[in-house]
Amino acid sequence: MDVIETLRTEALAAPESGIVAVVKHGRLREGLIPLWAGEGDLPTPSFITDAAARALANGETFYTWQKGIPELRQALARYYGRHFGKRFAEEEFIVTGSGMHAIQLAIDALAGKGDEVIYLSPAWPNFAAAAGVAGATPVPVVLDQSGNGWSCDVDKIASAITPRTKALFINTPSNPTGWTADTETLKAILDLARTRNLWIIADEIYALFHYGHGRAPSFIDVMADEDRILFVNSFSKNWAMTGWRVGWIKTHPSLQQVFENLIQYSTSGVAQFMQRGAVAALDEGDGFIAEQVERARAARDLVCDILGATGKARFTVPQGAFYLFFTVDGITDSRTAAFDIVDRANVGLAPGTAFGPGGEAFLRLCFHRRLDQLEEAANRLAKWMKTV
Ligand SMILES: Cc1ncc(COP(=O)(O)O)c(C=O)c1O
């Protein structure tokens, strides 16, 4: 028997990322403009790295609080206070080893073998895959698409609920579609969760990358204290900290001890010097975020203008997050197209096949990048489109 055959079936079934296959194909190409990953091109700003470096130099290298240092949890409460206009308590926050780790802990807490979890598709693939690893069944509900853009039919979510359903995973603004739930939709989803006794896992990681007025609508705007909602979030996107692997959960204070235990038996906590950097991000980073969002807005408009002018690219202008999810007339197989775009346009895109049901015909372009490079990439894509 092969060694590998003795592993758990769920571990063996964990899918390889559909984005990575294209990255492997193109990563060493001279002059390739990589727009396939979900991150910007700027390194973490120095007010954050300096705070972490100071803490490291000061010997903050020991085991620390599993649920996060009090200073960071207090800073999270202040940050929420500023952005959501309510009062929040330190006890509502738990520091995690990335947004992905927050998602994994949420699944650990809510769903296992035999359970179902519903998510909206097309979707960033990691939630469904992590649910699968835990033994739960991820059930996609495909967003509707019309000339007006993406929308969520809450009746479709209701029809997908079974006695085994434990949670609804709602990512708004969405990676990859940019769909951003309005307050009415959030209320309808919350009502459904309340009547069917379900948890909501709210992934509002891109809430500040919103191109309307101010941040995107949030479950925080419509919920009551006793609602069963786990917010999963991350330092990755707002503060250009993707490589740090620091995130958080916000939920009911009564769950603190459970999550502290789950963290103890997974990562055992986030390095204390990194948490000092995270405190600086929260307390001093609002200006940096505002600049990033304006830069991303300009980038979005530039890419939409150039690709829109081809007459071959179809998309709705994303209202949130930093991705353009588009189809190209005549292209149905996005995986083959993404390889061809690497070969002939020297641009790296993520194929829609990586984002599950409803995404197959699309390509995802991350526009959180320098304008001159984006302009060059969009022009190369426009040229490529003329040949297909
Ligand atoms: C919707 C969404 N949720 C969560 C994450 C996880 O972020 P991280 O693990 O980098 O903190 C990502 C990253 O791409 C994402 O797009």
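Note that ligands are numbered from 1 as they come in the structure, with each ligand's atoms numbered from 1 the same way. Keep in mind that this is a model prediction, so the values were computed, not measured.
Applying the 4.0 Å criterion to heavy atoms of Ser98 picks out, from ligand 1, the atoms 9 (O), 11 (O). Distances below 4.0 Å separate heavy atoms of Asp203 from the following atoms of ligand 1: 1 (C), 2 (C), 3 (N), 4 (C). Atoms of ligand 1 lying under 4.0 Å from at least one heavy atom of Ser236, given by number and element, are 8 (P), 10 (O), 11 (O). Per-residue contacts place Ser234 under 4.0 angstrom from the following atoms of ligand 1 (heavy atoms of the residue considered): 8 (P), 11 (O).
From the protein, the heavy atom lying nearest to atom 14 (O) of ligand 1 is Lys237 NZ, 2.7 Å. Of the protein's heavy atoms, Trp124 CH2, 3.5 Å lies nearest to atom 6 (C) of ligand 1. Closest to atom 7 (O) of ligand 1 among all protein heavy atoms lies Ile205 CD1, 3.7 Å.
Using a 4.0 Å heavy-atom cutoff, His101 is absent from the residues neighbouring ligand 1. In this structure, Tyr206 has a heavy atom closer than 4.0 Å to ligand 1. Contact between Thr242 and ligand 1 is absent, with no heavy atom of the residue lying under 4.0 Å from the ligand.
Ion pairing between a basic and an acidic side chain is recognised when a charged N comes within 4.0 Å of a carboxylate O; Glu71 and Arg276 show such pairing. The existence of a salt bridge linking Lys250 and Glu204 is excluded, since no basic side-chain nitrogen approaches an acidic carboxylate oxygen closer than 4.0 Å. Salt-bridge formation is not detected for the pair Asp225/Lys86: no Lys NZ or Arg NE/NH1/NH2 atom is positioned less than 4.0 Å from an Asp or Glu carboxylate oxygen. Ion pairing of Arg29 with Asp343 is present here, as a side-chain N (NZ or NE/NH1/NH2) and a carboxylate O approach within less than 4.0 Å.
Side chains of Arg73 and Gln256: a donor on one and an acceptor on the other come within 3.5 Å. Side-chain atoms of Trp244 and Thr44 form a donor-acceptor pair, as typed in the model, at a separation below 3.5 Å. Inspection of the Thr180 and Gln319 side chains reveals no N or O donor paired with an N or O acceptor under 3.5 Å.
Closest non-hydrogen pair, Gly277 versus Ile48, comes out as O-CG2, 3.3 Å.
The side chain to side chain donor-acceptor pair (under 3.5 Å) contacts involving residues 374-388 comprise Asp340-Trp384, Arg344-Thr387, Glu376-Arg380, where partners must be two or more places apart or lie in separate chains.
Close N/O approach between Gly99 and ligand 1 is found [any backbone or side-chain N/O within under 3.5 Å]. Checked by distance only, ligand 1 and Met100 come closer than 3.5 Å through their nitrogen or oxygen atoms. At under 3.5 Å, not a single nitrogen or oxygen of Asn171, backbone or side chain, sits near a nitrogen or oxygen of ligand 1. Where the criterion is an N or O separation shorter than 3.5 Å, residue side chain and backbone included, Tyr323 fails it with respect to ligand 1.
In this view, Phe209 and Phe322, His368 satisfy the ring pair (Phe, Tyr, Trp, His ring centres under 6.0 Å) rule, not counting sequence neighbours.
Contacts between Arg245 and ligand 1, counted as non-hydrogen atom pairs separated by less than 4.0 Å, involve the side chain only.
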